[in-house]
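Throughout, numbering of the chain's residues begins at 1 and tracks the sequence.
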Amino acid sequence: MATQNSRSAARLMLAPAVILLLGWMLVPLVMTLLFSFKKYLPLRGGDLGWVGFDNYVRFVTSSAFWPSVWATLAIVGGVLLITVVFGVLLAILLNQPMWGQGVVRILVISPFFVMPTVSALVWKNMFMDPVNGLFAHIWKFFGAAPLEWLSQASLQSIVMIVSWQWLPFATLILLTAIQSLDREQLEAAEMDGATPLQRFAYVTLPHLGRAITVVVLIQTIFLLGIFAEIFVTTQGSFGTRTLTYLIYQRVLESQNVGLGSAGGVYAIILANIIAIFLMRMVGKNLDK
């Protein structure tokens, strides 16, 4: 058993890392809170003093606030729906014996390691370009007019790009969960006369419940801060301006640090509300 001296020494050695981590998290948060109560315009006078809750009122009453919240939730919900549904199907497919199984799995997972900026540029120029894009050529082949994706189906385009990035992550987690499924359960269900669809609905899917919850939780945390894909493709136009992008516009484009900081606080509140809801869902699944 560890002695009191050894525990004290362990705490002492961990203290610098803990202090650094706390400082890394708390200093930006404190500065954001501080600036949110001030009128701070770096290129137009600098610090102009305290304004109380004026920045919060201005940000939430802005005509762009609620559309940005809706766009954020729509993108998150759309990506989660696509990645979970197709992640389950791909995981089941990759779990089947096939020639070159290892290579196929690597190819399926590889998009997750592509930087968001690069993937957005690839989709924008190689697939969604209305003149030279792959989709445009397919449309022309069937005699249809090419669709201008980033203007006519902008929100759907962002969801498609982000889903392509996150689908490998969901597939990997769900494939690991499927591989941990006891084969005897499936064999017993098959011997009892259960069809493949019934085996999936009553054996495989319940077994994937915890893995799906983990996928939803982790992806939501990252998707709430989506930025690069929007910046590269639509730059917030055509209804794709998320809360994160709105904050960027207030801070860097409008040079209003105080107003952007108030938006950052709202983003933190929204993220925590969603996180609490998801953690409750995770707790219920883990207790089963």
Please verify the inter-ring angle class for F222 with W166; under 30° counts as parallel, over 60° as perpendicular, anything in between as tilted.
tilted
Angle between ring planes, W139 versus W149, binned at 30° and 60°: parallel, tilted or perpendicular?
perpendicular
Which atom names give the shortest non-hydrogen contact between [X] and [Y], and what distance separates them?
{"X": "V114", "Y": "Q165", "answer": "O-NE2, 4.2 Å"}
{"X": "K124", "Y": "V232", "answer": "NZ-O, 3.2 Å"}
{"X": "V216", "Y": "T220", "answer": "O-OG1, 2.6 Å"}
{"X": "S157", "Y": "A153", "answer": "OG-O, 2.6 Å"}
{"X": "T32", "Y": "S261", "answer": "O-CB, 3.4 Å"}
{"X": "V84", "Y": "L174", "answer": "O-CD1, 4.2 Å"}

Do you reckon [X] sits in the same ILVMFWY cluster as [Y], going by side-chain contacts under 4.5 Å, direct or chained?
{"X": "V162", "Y": "F135", "value": "no"}
{"X": "V76", "Y": "W66", "value": "yes"}
{"X": "M160", "Y": "V79", "value": "no"}
{"X": "L34", "Y": "I247", "value": "yes"}
{"X": "I138", "Y": "W164", "value": "yes"}

Nearest 0.5 angstrom please: [X] [atom1] to [Y] [atom2], how far?
{"X": "L208", "Y": "L175", "atom1": "CG", "atom2": "CG", "value": "10.0 Å"}
{"X": "Q235", "Y": "L150", "atom1": "CD", "atom2": "CG", "value": "11.0 Å"}
{"X": "R241", "Y": "S154", "atom1": "CZ", "atom2": "OG", "value": "12.5 Å"}
{"X": "L121", "Y": "T233", "atom1": "CG", "atom2": "OG1", "value": "9.0 Å"}
{"X": "S36", "Y": "D54", "atom1": "OG", "atom2": "CG", "value": "11.5 Å"}
{"X": "E229", "Y": "L223", "atom1": "CD", "atom2": "CG", "value": "8.5 Å"}

Sub-4.5 Å side-chain heavy-atom contact between [X] and [Y]:
{"X": "Q179", "Y": "N95", "answer": "yes"}
{"X": "L155", "Y": "F238", "answer": "no"}
{"X": "I212", "Y": "L205", "answer": "yes"}
{"X": "I273", "Y": "I269", "answer": "yes"}
{"X": "F127", "Y": "V122", "answer": "yes"}
{"X": "R58", "Y": "N256", "answer": "yes"}
{"X": "I158", "Y": "I226", "answer": "yes"}

Using a 3.5 Å distance criterion without hydrogens, assess whether the side chain of [X] forms a donor-acceptor pair with backbone atoms of [Y].
{"X": "Y56", "Y": "Y266", "value": "no"}
{"X": "T234", "Y": "T240", "value": "no"}
{"X": "N55", "Y": "K38", "value": "yes"}
{"X": "T244", "Y": "L224", "value": "yes"}

Aromatic centroids of Y245 and Y248 separated by under 6.0 Å:
yes
Could you go through L246 and F59, starting from their C-alpha distance and side-chain angles, then the distance that decides it, and tell me whether this counts as side-chain contact (heavy atoms from CB on, under 4.5 Å)?
CA-CA 10 Å; L246 179 61; F59 195 90; 3.7 Å; yes
What verdict does the side-chain contact (heavy atoms from CB on, under 4.5 Å) test give for T171 and I109, after you've listed the backbone C-alpha separation in whole Å, the side-chain angles of each residue and the deciding distance to 0.1 Å?
CA-CA 8 Å; T171 303; I109 296 171; 5.7 Å; no
Contacts of type side chain to side chain donor-acceptor pair (under 3.5 Å), residue T242, not counting sequence neighbours:
none
For I161 and M128, what are the C-alpha separation, side-chain angles and deciding distance, and is it a side-chain contact (heavy atoms from CB on, under 4.5 Å)?
CA-CA 10 Å; I161 294 171; M128 295 180 174; 4.1 Å; yes
If you apply the rule side-chain contact (heavy atoms from CB on, under 4.5 Å), what do you find for S180 with H207, and how did you get there?
CA-CA 9 Å; S180 67; H207 180 77; 3.1 Å; yes
